[in-house]
*Asks:* 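Got a structure for you, written out below as structure tokens; questions coming shortly.
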Amino acid sequence: MNHLKTSIQSKESIKRRNFAFKLLLLIILDYIYVADMILRPFLDSNPLITNLIRALVFLLSSNLIISLGRFATLRFYLKRTKDEKVQPNFVIGIDRISWILNVVILLISLMLAVGIRPLEFLTSITIVAAAIAVLTKDYITNIANGLIIMFSDQLEIGDKIHIGKNTGFIRDITLINLILKSETGEVIIVPNSMILASEIVNYSRNNAHQMIFDFELKNENNLQLNELEGKLIEDLKPYSDVVYIKGAQLNILERKSESSFVRFQFPIKTGEKESESKVRKIVNQSIINLSHEEREA
């Protein structure tokens, strides 16, 4: 079974246990609030406590309904989706929607706890609500775009993409931003509104993507490009199962009087993040060794 799918199911088991605990708590509170028992006179004489219990009943019951919807949707998705096609984006999207709904329920519960009727309250602040909507329209747009990205199959956590002037691996998709991490370790935060409005190159959607290494060579050593290319390709051969050796090539990008800028590139299979990191270290070490040989010469 797919490791991601197994991990999701394991986490869902814990959430189902929490669901059972919340259901038990709801039954107890509902019995206290509705049933005619010894606490009824006390509750009638303390409206604040009555409102608090009512708010907790509403909070727990609403949370359980949201959780049931989440469980059913995720179960249907995992059952109908092949192991290799399970995407973390979908799970993140479901979690984000659940979080938004739970925040709304929490706000309504707080109103109930202090004796405010939510419907009347919302009606009385219609103008204020409209002003808030105008001020937060950019955030609302980002949230909507974030949900679209989460439920889309075009971008996935772990994909290597290029957007604007930035290239990196997707590390997280939030309701506001897309979090990238570049190959040199920098964290890049891109607003979701920019994602849908920009051209994106997704290198991970091909069966292979190019690994590129640019470096400088001094002309005085009279190195032969074919020999240098052969040395670098020889270092790649232990990784021939993930690297397309026949596609490796060495080219001169720019020639100057004292040195030349050279590019070595080759295709590598996508989804091989660990192997890609090892290959990158091997090639970089080969280039360092070459520079050391130049200095000795």
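Each residue takes its place number in the sequence, starting with 1. Note: hydrogens, waters and symmetry copies are ignored here, and every other heavy atom, side chains too, is used.
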*Asks:* Heavy atoms only: give me the nearest Lys15-Asp95 pair and the separation to one decimal.
*Replies:*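 Between these two residues, the closest heavy atoms are NZ-OD1, 3.8 Å.
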*Asks:* Would you please say whether a donor-acceptor pair under 3.5 Å links the side chains of Ser286 and Asp235?
*Replies:* yes
*Asks:* For the atom pair CD (Gln249) and CG (Leu232), what is the distance rounded to the nearest 0.5 Å?
*Replies:*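 Between atom CD of Gln249 and atom CG of Leu232 there are 12.5 Å.
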*Asks:* On a heavy-atom basis, which atom in Ala248 and which in Pro267 lie closest, and how many Å separate them?
*Replies:* N-CD, 4.3 Å
*Asks:* Treating Ile, Leu, Val, Met, Phe, Trp and Tyr as nodes and any side-chain heavy-atom pair under 4.5 angstrom as an edge, say whether Ile65 and Ile100 lie in one connected cluster.
*Replies:*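 Looking at the clustering, Ile100 is in a separate group from Ile65.
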*Asks:* Got Leu196 and Ile149 here, is their nearest side-chain heavy-atom distance under 4.5 Å?
*Replies:* yes
*Asks:* Let me see the working for Arg16 and Ser67 under side chain to side chain contact (heavy atoms under 4.5 Å, CB included), right down to the final yes or no.
*Replies:* CA-CA 9 Å; Arg16 281 194 287 270; Ser67 297; over 6 Å; no
*Asks:* Do Phe58 and Ile108 have side chains that approach each other closer than 4.5 Å (heavy atoms only, starting at C-beta)?
*Replies:* yes
*Asks:* According to a 4.5 Å side-chain heavy-atom criterion applied to Ile, Leu, Val, Met, Phe, Trp and Tyr, with indirect links allowed, do Leu59 and Val104 form part of one hydrophobic cluster?
*Replies:*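 As far as the 4.5 Å side-chain criterion goes, Val104 and Leu59 are connected within one cluster.
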*Asks:* Determine whether Phe21 and Ile27 fall in the same hydrophobic cluster, where Ile, Leu, Val, Met, Phe, Trp and Tyr are linked whenever their side-chain heavy atoms lie under 4.5 Å apart.
*Replies:* no
*Asks:* Determine, stepwise, if the pair Leu236 / Phe264 fulfils side chain to side chain contact (heavy atoms under 4.5 Å, CB included).
*Replies:* CA-CA 12 Å; Leu236 292 178; Phe264 180 60; 3.8 Å; yes
*Asks:* Would Ile148 and Ile179 show up in the same hydrophobic cluster when neighbours are defined by side-chain heavy atoms closer than 4.5 Å?
*Replies:*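 No, no single cluster joins them.
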*Asks:* To the nearest 0.5 Å, what is the distance between CG (Leu112) and CG (Leu107)?
*Replies:*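 Between Leu112 CG and Leu107 CG, I get 11.0 Å after rounding to 0.5 Å.
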*Asks:* Looking only at heavy atoms, what is the nearest atom pair of Asn192 and Gly146, with distance?
*Replies:*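 Looks like ND2-CA, 3.3 Å.
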*Asks:* Can you name the closest pair of heavy atoms from Ile94 and Phe151 and give their distance?
*Replies:* N-CZ, 3.8 Å
*Asks:* Are any of the side-chain nitrogens in Lys181 or Asp172 under 4.0 Å away from the carboxylate oxygens of its partner?
*Replies:*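 So Lys181 does not pair with Asp172 through a salt bridge.
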*Asks:* Just checking Arg75: does its CZ atom have more than 12 heavy atoms from other residues, nucleotides or ligands closer to it than 6.0 angstrom?
*Replies:* no
*Asks:* Which distance, rounded to the nearest 0.5 Å, do you find between the CG of Leu64 and the CG of Leu26?
*Replies:* 6.0 Å
*Asks:* Could you tell me the separation between the CG atom of Leu155 and the CD1 atom of Ile200, rounded to the nearest 0.5 Å?
*Replies:*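 Here the interatomic distance stands at 5.0 Å.
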*Asks:* Side chains of Ile233 and Phe266: does their closest heavy-atom pair fall under 4.5 Å?
*Replies:* no
*Asks:* Kindly indicate, with the supporting measurements, whether the criterion side chain to side chain contact (heavy atoms under 4.5 Å, CB included) is fulfilled by Glu216 and Val262.
*Replies:* CA-CA 6 Å; Glu216 185 177 6; Val262 180; over 6 Å; no
*Asks:* For a quick test of reading the model, state the closest non-hydrogen atom pair linking Arg263 to Gln265 and the distance between them.
*Replies:* CD-OE1, 3.1 Å
*Asks:* Kindly compute the distance separating CZ (Arg280) from CD1 (Ile212), expressed to the nearest 0.5 Å.
*Replies:*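 Atom-to-atom, Arg280:CZ and Ile212:CD1 are 9.5 Å apart.
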*Asks:* Below 30° counts as parallel, above 60° as perpendicular, anything between as tilted: where do the rings of Phe19 and Phe71 land?
*Replies:*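 Plane angle over 60°, so perpendicular.
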*Asks:* Identify the heavy atoms of Ser193 and Asn142 that sit nearest to each other, and give their distance.
*Replies:* N-OD1, 2.8 Å
*Asks:* Side chains of Asn63 and Asn102: do they bring a donor and an acceptor to under 3.5 Å?
*Replies:*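 Side chains of Asn63 and Asn102: pair found under 3.5 Å.
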*Asks:* Kindly compute the distance separating CG (Leu250) from CZ (Phe213), expressed to the nearest 0.5 Å.
*Replies:*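 Here the interatomic distance stands at 12.5 Å.
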*Asks:* Among Leu175, Thr174, Ile173, which residue satisfies the side-chain contact (heavy atoms from CB on, under 4.5 Å) criterion with Asn177?
*Replies:*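 Considering Leu175, Thr174, Ile173, a side-chain contact (heavy atoms from CB on, under 4.5 Å) with Asn177 is found only for Thr174.
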*Asks:* Could you check Ile163, Ile189, Thr167 and say which one makes a side-chain contact (heavy atoms from CB on, under 4.5 Å) with Leu180?
*Replies:* Ile163
*Asks:* Could Lys237 and Glu234 be called an ion pair, given the rule that one side-chain N must be under 4.0 Å from one carboxylate O?
*Replies:*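 Answer for the salt bridge query: yes.
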*Asks:* Given the rule in the side chain to side chain contact (heavy atoms under 4.5 Å, CB included) test, do Ser182 and Asn166 qualify, once you have shown the distances and angles that lead to the verdict?
*Replies:* CA-CA 8 Å; Ser182 70; Asn166 301 308; over 6 Å; no
*Asks:* If Ile, Leu, Val, Met, Phe, Trp and Tyr residues are connected whenever their side-chain heavy atoms lie under 4.5 Å apart, and connections chain through other members, are Phe76 and Leu74 in the same group?
*Replies:*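 No.
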